[in-house]
Each structure stands twice: as structure tokens, then as C-alpha cells.
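Sequence lines set the chain letters: A, B, ... in the order given, protein chains first and strands last, and positions in each chain run from 1.
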Number of protein chains: 2
Amino acid sequence: MASAKNPQPKRDTYRHGDLRNALIEAALELARQGGPEAVVLRAATRQAGVAPNAAYRHFADRDALLHAVSQAAMAQVARTMEAEQAAVAPSDDLAAAARARFRAVGTGYLRYAQEEPGLFRTAFHVPGDMTHAADDTAAGATGKTPFELLGEALDDLMNAGLLAEDRRPGAEFLAWSAVHGLAVLLIDGPLRGLHPTQAHDAGQHVIDMIERGI
Amino acid sequence: MASAKNPQPKRDTYRHGDLRNALIEAALELARQGGPEAVVLRAATRQAGVAPNAAYRHFADRDALLHAVSQAAMAQVARTMEAEQAAVAPSDDLAAAARARFRAVGTGYLRYAQEEPGLFRTAFHVPGDMTHAADDTAAGATGKTPFELLGEALDDLMNAGLLAEDRRPGAEFLAWSAVHGLAVLLIDGPLRGLHPTQAHDAGQHVIDMIERGI
DNA sequence: CCGCCCTTGTGTACGATGTCCACATTCGGA
DNA sequence: TCCGAATGTGGACATCGTACACAAGGGCGG
């Protein structure tokens with residue numbers, strides 16, 4: 001098998017066949033270890049065993065590649081959230097279930113931030129624009145973006161009577177603010193290097209605050 | 001006077017006299033428009049009317065310069081917070097005063113984020129490490145860092161009976177998470193470009209949530 | 001007052017990066 | 001079969017961070 005750290009040995013065919021994906025894959029790995037600034041065009045082409053300029057047949061420029069990586073990372077965030085939700089023990093209590101699903105959204109988000117800090121930072125790094133968080137390619141397995149997952153969880157919360165209707169509008173921004181802020185603190189803020197257990201506790205505290213204050 | 005956009009005309013003296021500060025000043029301006037990635041060594045030296053390598057007599061490398069800029073920006077955050085606190089109408093009601101001062105911390109923080117997004121992003125961009133938020137050079141006029149200002153506001157809140165003692169520990173991270181998260185949303189998240197008035201409202205909503213949920 | 005030396009700036013150079021342009025190779029359809 | 005469009009290659013350029021050797025000049029001991 002082709003090593004993951006050496007430049008792809010070589011290619012017998014002139015055409016690569018799947019260069020675009022290969023570049024995204026390579027860039028994804030660069031981002032995993034090193035964040036967005038580590039996504040370097042020439043490094044990605046090197047890894048794909050291709051000349052630097054070949055990249056321009058598939059991406060307008062470095063930013064276009066970075067954006068593709070960002071979307072892929074965002075989709076991973078969504079999948080982590082979905083996985084966290086899928087792991088909640090089923091319950092007959094509708095309200096309790098809605099609440100658990102809501103908390104899972106935040107917990108999954110924070111889990112991803114800690115497990116893949118480089119990719120997490122890449123997901124939310126869009127120079128100049130980042131509305132794309134709600135974009136097509138940013139969706140997870142269920143086809144929903146992180147934002148949509150959060151919105152649904154809030155809707156459920158409201159329908160379960162755990163969130164007053166007049167508090168629902170804009171609630172995603174309150175919740176997102178708090179959780180994302182903690183993620184930043186944990187990744188490269190003063191809370192960096194916290195023991196995973198403590199980090200998890202901190203996350204639950206923040207989610208507690210949200211539930212109380214939303 | 002020397003123009004602010006042209007490279008410093010020239011220098012008659014061989015020595016610059018205050019190069020270190022001149023570089024920080026120039027870099028600060030670069031960061032103001034363009035954020036941390038816009039802080040480019042050669043550009044700063046150009047502006048100071050000096051050869052690129054001269055910078056290395058005052059900074060170990062680009063990161064050292066960036067760090068200095070970051071600290072300066074952090075100090076500006078502190079000053080903005082202090083200004084916001086100074087602007088609260090004096091009151092006999094101790095509790096109300098403590099509450100107003102607490103809110104001013106968040107409001108000032110958010111105000112700076114919106115007024116100087118480039119510098120704000122630079123302040124909280126420390127590649128690899130950012131504990132420095134609590135550092136010496138990051139202090140404002142009163143000699144306190146943003147973190148210290150927040151901590152004091154929380155102490156006051158507790159002393160005024162507005163925050164249960166058992167909730168005090170770690171409360172700065174809850175508040176900081178929420179406010180910083182919103183700042184990010186406002187700067188380059190989905191809330192970017194929000195009308196200043198609406199942005200202010202959003203800020204007040206987040207602070208409301210914090211007060212309720214903390 | 002003079003000469004020395006440490007500090008501060010200069011010049012040149014190197015490797016790396018993003019990107020442009022002209023050219024080569026190949027695939028797929030007319 | 002042949003030809004154009006798609007895909008890769010090669011070479012070149014500007015810019016950046018930074019290393020190394022050298023120059024200028026200010027301050028201190030004599």
C-alpha cells in the first residue's frame with residue numbers, strides 16, 4: 001500500500017484518475033495536524049504524486065481547496081453530532097428524550113473539537129465568509145448540517161415544553177455562541193490541555209448554563 | 001508629516017531610534033486591516049523604512065512580532081472594557097451597580113470585536129499558546145487584563161448576592177465562552193454584517209442568557 | 001579626547017510558497 | 001480515425017521568512 005507519509009510512489013498512467021479527491025484527502029490530513037494554515041497546495045500535490053500546477057485543474061486557487069476541506073470537516077462535525085445523538089439511551093419520557101438529544105448536539109460538537117482540533121479549526125475558518133456552515137456539502141450522514149441539527153434539537157425542546165415559544169427565535173445563536181466559545185477555550189485558550197474528563201465536565205457545565213439561560 | 005500609507009520617506013540617521021515600537025505600530029496597522037495573517041514582517045520593516053533583517057534585532061522571528069501585536073490588541077480589549085464600565089451611570093443600588101459593571105465587561109468585549117475585528121482576531125490568535133491572555137503586557141489602563149476584569153466583575157456579582165457562592169468557581173469560563181462565541185459569530189460567522197444595532201441586541205441577549213444560566 | 005566594541009542596520013542569498021503561461025499527453029466522441 | 005477538450009508538466013516570477021557576513025556608529029574605559 002502507498003505510505004501515508006511518503007509522496008505517492010509514482011503513477012504509471014499520465015492521468016491520475018481521481019486527483020480532486022486525492023488532493024482533498026491529502027489536504028484533510030494536513031489540516032488534521034496543523035489546522036488551516038498547514039493546508040499547503042504544493043504539499044498536497046506532492047502527496048498525490050503530481051505537479052503543483054495540476055491542482056489548478058480542480059481548484060481555482062488555494063482558498064478553493066481550503067474551502068473544500070473546510071466543508072468536509074464541517075460534515076465530520078455533523079456526523080459526530082449525529083453519532084452522539086444516536087448514542088442516547090432511548091426513553092419513553094418525550095421531554096427527557098428531547099433534552100438528551102439537545103445536549104448531545106453540544107456534546108458531540110465539543111467532542112469533535114477536542115478529538116480533531118486541527119480539523120475543527122479548519123471547519124470554522126473561512127477567510128472572509130463562512131455562511132457556508134449551512135451549505136450543501138457540509139451535511140452529515142442524515143443530510144443535515146450542524147446548524148440544522150441544532151435547530152431541530154431546539155424545536156424538539158420547544159415542542160416538549162422545555163423551551164418557551166417566545167424564547168425559541170434566535171436561540172440557536174445563544175447555544176452556538178456558548179458551545180463554540182468553550183470549544184475555542186479548550187482548543188487553544190486557557191483551558192487547552194485540560195484532561196479530557198475535566199473538559200467533558202466543563203462542556204456539561206456550559207450546556208447546563210445554556211439550558212438554564214436560553 | 002510622514003504619510004501613513006507610503007513607506008517612511010527615509011531616515012537621515014543610521015540608527016532608527018525606536019524601531020521596535022515602530023515595527024509594532026506598523027504591524028498593528030496591518031493587523032487592524034487583515035487580521036493576524038496580514039502581519040507580514042517585510043511589510044512592517046518597509047513601513048518603518050528599514051531593511052527586512054533589521055526586525056531580527058528586536059524580535060526573534062515573525063511570531064515574536066505577532067505576539068507583541070497580540071498583546072497590544074489584548075490591552076486595547078481591556079481598555080474598551082474599562083471604558084464601558086466607566087460609562088455606567090452611578091447608582092446607590094449596590095446590586096444594580098455590580099450587575100451593570102458585569103454586563104459592561106461583556107458589552108465592551110463585544111464592542112471591540114465589532115469595531116476592530118482584525119485586531120480582535122489578532123488578540124486571540126496565538127499559534128500554539130494563548131495563556132498569555134493573562135499576561136503582563138495584555139493589561140489595560142488600570143493594569144488589569146480582560147480576564148482579570150471579568151473575574152472581578154463576577155466577584156462583585158457574588159458579593160452583591162446576585163451569584164451563589166457555589167456557582168462562582170469557573171464562572172469566568174462560562175461567561176467567556178458565551179461572549180467570545182458570539183464575537184466569533186459576529187466577526188466571521190453567520191451573524192457577520194449584522195447591523196450594529198442588531199448586533200448590540202444579540203450581545204445583550206447573550207449576556208441575559210449568561211446572567212440567567214450562570 | 002581617543003580608540004575599541006557591542007548594538008543596530010544593510011546586503012546578499014536560499015528555500016518555500018502561490019500562481020501564471022506555454023507545452024505535452026491522453027481520453028472520448030464525431 | 002482524428003481532433004478537441006480535459007488533464008498534467010515544466011519553467012518562471014514575485015513574495016515571504018530567515019541565515020550569514022559585513023558596515024556604521026554610539027557609548028565607555030583609558
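With rounding to whole Å, Leu66(B) atom CG is found 11 Å from dT18(D) atom P. Separating the CG atom of Asp63(B) from the C1' atom of dC16(D) is a distance of 14 Å, rounded to the nearest angstrom. Atom CZ of Arg62(B) and atom P of dA19(D) are 15 Å apart (whole Å). At whole-Å resolution of the value, CG in Leu65(B) and P in dT18(D) are 10 Å apart. Rounded to an integer number of Å, the gap from Arg46(A) CZ to dG15(C) P is 14 Å. Regarding Asp18(B), its CG atom lies at a distance of 15 Å from the C1' atom of dG9(C), rounded to whole Å. For the pair Asp61(A) CG and dT15(D) C1', the interatomic distance rounds to 17 Å; values are reported in whole Å.
The environment of NE2 in His205(B) is sparse: at most 12 heavy-atom neighbours from other residues, nucleotides or ligands sit within 6.0 Å. The environment of Arg101(B) atom CZ is sparse: at most 12 non-hydrogen atoms of other residues, nucleotides or ligands sit within 6.0 angstrom.
Relative to the side chain of Val50(B), the nucleotides dT18(D), dT9(D), dG9(C) differ in distance, and dG9(C) lies closest. Set against dG9(C), dT9(D), dG17(D), the side chain of Ala54(B) has dG9(C) as its closest nucleotide. Considering only the side chain of Val40(B), dG17(D) comes nearest among dG17(D), dC20(D), dC20(C).
Contact between the side-chain N/O atoms of His58(B) and the OP1/OP2 oxygens of dT7(C) is not found at any separation under 4.0 Å. Arg20(B) has no side-chain polar atom (N or O) that falls below the 4.0 Å cut-off from OP1 or OP2 of dG9(C).
One distance of note links OH of Tyr112(B) with CE of Met74(B); it measures 10.0 Å at 0.5 Å rounding.
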Checklist line | B/S/- contact track for nucleotides 24-30 of chain C, protein heavy atom under 4.0 Å | finding: BBB----

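A donor atom on one side chain and an acceptor atom on the other are not found under 3.5 Å apart for Glu84(A) and Thr107(A).
Under the side chain to side chain donor-acceptor pair (under 3.5 Å) criterion, Glu211(B) pairs with Arg99(B), Arg103(B), sequence neighbours left out.
The nearest pair of heavy atoms linking Gly203(B) to Leu110(B) is CA-CD1, 3.6 Å.
Considering only heavy atoms from C-beta on, His180(B) stays 4.5 Å or farther from Leu185(A) through its side chain.
Between the side chain of Asn53(A) and the base of dG11(D), at least one donor-acceptor pair of N or O atoms lies under 3.5 Å.
The residue among Tyr56(A) and Leu19(B) whose nearest nucleotide of DNA chain C is located toward the 5' end is Leu19(B).
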